[in-house]
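Below is one structure, written out as structure tokens, with a few remarks after it.
Start at 1 with the first residue, then count along the sequence. For ligands, and for the atoms within them, numbers begin at 1 and follow the listed sequence.
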Amino acid sequence: MKLIGLMFLLSFCNHLSAAPINVTSEISTLIRRIIWINWNQSNISHKFNPDAILNTPGMIKKAGYPAESYIIMTEDGYLLTLHRIPGGNNSLPVLLQHGLLCSSADWVVLGKGKALAYLLADQGYDVWLGNFRGNIYSKAHIFLSPKNSSFWNFSFHEMGIYDLPAMITFITNMRSQPLHTYIGHSMGATSFFIMASERPKIARMVQMMVGLAPAVLVNHLQSPVQHLLPFKNEIKRVMQLFFHDEFLQSDFVRFLLKKICQRNISLGEICSNFMFMIWGDDREQFNNTLLPVILNHFPTSISVKTLLHYSQIADSGKFRKYEYSRVKNLLIYNSMNPPNYDLSNITIPVALFYANNDWLISTKGVKRLYHLLPNVVDMYEVPWSKFNHMDFIWAKDASKLVYDRILKIMRRENSNNVRSVE
Ligand SMILES: *[C@@H]1O[C@H](CO)[C@@H](O)[C@H](O)[C@H]1NC(C)=O
Ligand SMILES: *[C@@H]1O[C@H](CO)[C@@H](O)[C@H](O)[C@H]1NC(C)=O
Ligand SMILES: *[C@@H]1O[C@H](CO)[C@@H](O)[C@H](O)[C@H]1NC(C)=O
Ligand SMILES: *[C@@H]1O[C@H](CO)[C@@H](O)[C@H](O)[C@H]1NC(C)=O
Ligand SMILES: *[C@@H]1O[C@H](CO)[C@@H](O)[C@H](O)[C@H]1NC(C)=O
Ligand SMILES: *[C@@H]1O[C@H](CO)[C@@H](O)[C@H](O)[C@H]1NC(C)=O
Ligand SMILES: *[C@@H]1O[C@H](CO)[C@@H](O)[C@H](O)[C@H]1NC(C)=O
Ligand SMILES: *[C@@H]1O[C@H](CO)[C@@H](O)[C@H](O)[C@H]1NC(C)=O
Ligand SMILES: *[C@@H]1O[C@H](CO)[C@@H](O)[C@H](O)[C@H]1NC(C)=O
């Protein structure tokens, strides 16, 4: 790292002597170049856990299950990867959808007998794992390159109105039956509610929804992230300068985190402490042995616009569309402020799971959501006082604390299951 710093300073000073220059643009290209050189020369060793080098289907196969991948296209041309653990001919289809900076790997990281995807497969469900546009498995478009900033012109709004409809129609057509359950973590729930309010026809193909830490009313943040909100315009500028439209250049960040966090146990602890700082501290539920596996998939890429959209709804406390300038709002929405998503028409039975120590999604916000949704069939606070935002997918005891209850709700829905695709 010292060497990088030195190189950086040297080349920066070099550049300074030559006038005229655009300092901000020079610094940003320089940083990108250094980042790229180091990344390209890396040779990460994976000595801890073989899962740490496998992709989602690889992990599934290693756990002894069949794995399938499908590439589907959205109405606006994005190419998304759906992973699947196929069930038998009479199995009920279930779609699991990941959260911010995550991917389909979320649902298998905990391993056989513990991860939700495997528990569902063991119960005979047909398990589908989605990947939103922009993440490592869905970074493709029929004519836009990810290098083109138009590629990154999306937030969870587009995931709701395009990605989920593409996945849900694909699954229901293939199986000729409605989707039995949709399970979404964090952003997976955000975009589901957008889909359900904006695309009611698609929503009718889903029989039940389970929202884990649903990111809908996200003011009341407890995370230190809240202190950044007042600076959202400055942050927007900085992010656009360094990352352009794809946040973090996630491949590099993952590489860096791996390098640092896997060096030895004490550095690994520093890394997990840093993560706890963002979404809540729960050392007891975090399995340090899993860190290399987690860091092989997290964080994945996301658009800057998605983060900005979250910062807007965190700031306003309203679940509403992306906010442009006043003039552009008028042009696009025909009003000065972006319109709210209408949650009152969502008739699908919904189960909401939340956690007391989730610094990103507060109990208060979930309770407000509960009052806005007409058909909540279960409202469940995870009975572990330190349970945090990522524990829903990474906790040692997630199966006992969360997944068992999901399976129970699904069984109950099976028995009074009456609706079919219209
Ligand atoms: C400097 O570069 C930045 C980023 O490329 C650009 O937005 C800005 O307009 C440039 N400034 C000048 C004075 O050229
Ligand atoms: C990255 O490394 C490979 C192999 O070492 C090399 O062939 C390639 O040219 C490098 N790419 C860049 C952009 O440096
Ligand atoms: C990377 O590491 C592996 C295992 O340690 C080794 O076999 C391989 O030759 C290395 N590759 C490079 C380019 O150094
Ligand atoms: C499932 O359906 C396929 C095609 O419809 C059929 O070939 C296969 O034998 C069936 N499998 C079972 C276990 O019924
Ligand atoms: C990005 O895509 C748009 C739309 O296809 C196209 O007009 C534009 O030229 C592309 N930009 C670059 C830099 O490729
Ligand atoms: C991004 O999308 C918005 C709304 O769909 C549109 O107004 C804007 O021009 C787009 N920007 C780019 C860079 O494609
Ligand atoms: C962990 O690695 C860091 C940096 O390489 C080093 O300073 C520290 O002493 C190491 N700690 C242990 C316990 O090995
Ligand atoms: C919601 O339901 C009301 C009453 O049934 C209806 O008037 C309204 O158009 C619906 N809104 C949407 C977005 O479907
Ligand atoms: C922690 O993760 C490792 C590697 O997947 C696994 O073998 C171990 O059983 C896990 N420990 C607990 C308590 O879940």
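Numbered from 1 in the order shown, with element, the atoms of ligand 9 that lie under 4.0 Å from a heavy atom of K114 read 9 (O), 10 (C), 12 (C), 14 (O).
Salt-bridge formation is not detected for the pair D122/K112: no Lys NZ or Arg NE/NH1/NH2 atom is positioned less than 4.0 Å from an Asp or Glu carboxylate oxygen.
With no hydrogens or angles considered, a side-chain donor-acceptor pair links T56 and S104 at under 3.5 Å. A side-chain donor from one of D358 and H389 sits under 3.5 Å from a side-chain acceptor of the other.
Annotation: side chain to side chain donor-acceptor pair (under 3.5 Å) contacts of S191 (sequence neighbours excluded): none. For S103, the side chain to side chain donor-acceptor pair (under 3.5 Å) test picks out no residue, with sequence neighbours left out.
Between F151 and Y78, the ring centre distance stays below 6.0 Å.
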Write 'none' if nothing qualifies; otherwise put on separate lines each N/O atom of ligand 6 with a protein N/O atom under 3.5 Å away and their distance to 0.1 Å.
residue  : atom   : partner : partner atom : Å
ligand 6 : 2 (O)  : N153    : OD1          : 3.4
ligand 6 : 2 (O)  : N153    : ND2          : 2.4
ligand 6 : 7 (O)  : K328    : NZ           : 3.1
ligand 6 : 11 (N) : N153    : ND2          : 2.9
ligand 6 : 14 (O) : N153    : ND2          : 3.1

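Not one N or O of K396 is nearer than 3.5 Å to an N or O of ligand 9, by distance alone.
Within the structure, salt bridge (charged side-chain N to carboxylate O under 4.0 Å, His left out) pairs that include any residue of residues 67-84 comprise E68-R84, E75-R199, D76-R133, R84-D126 (at least two apart or interchain).
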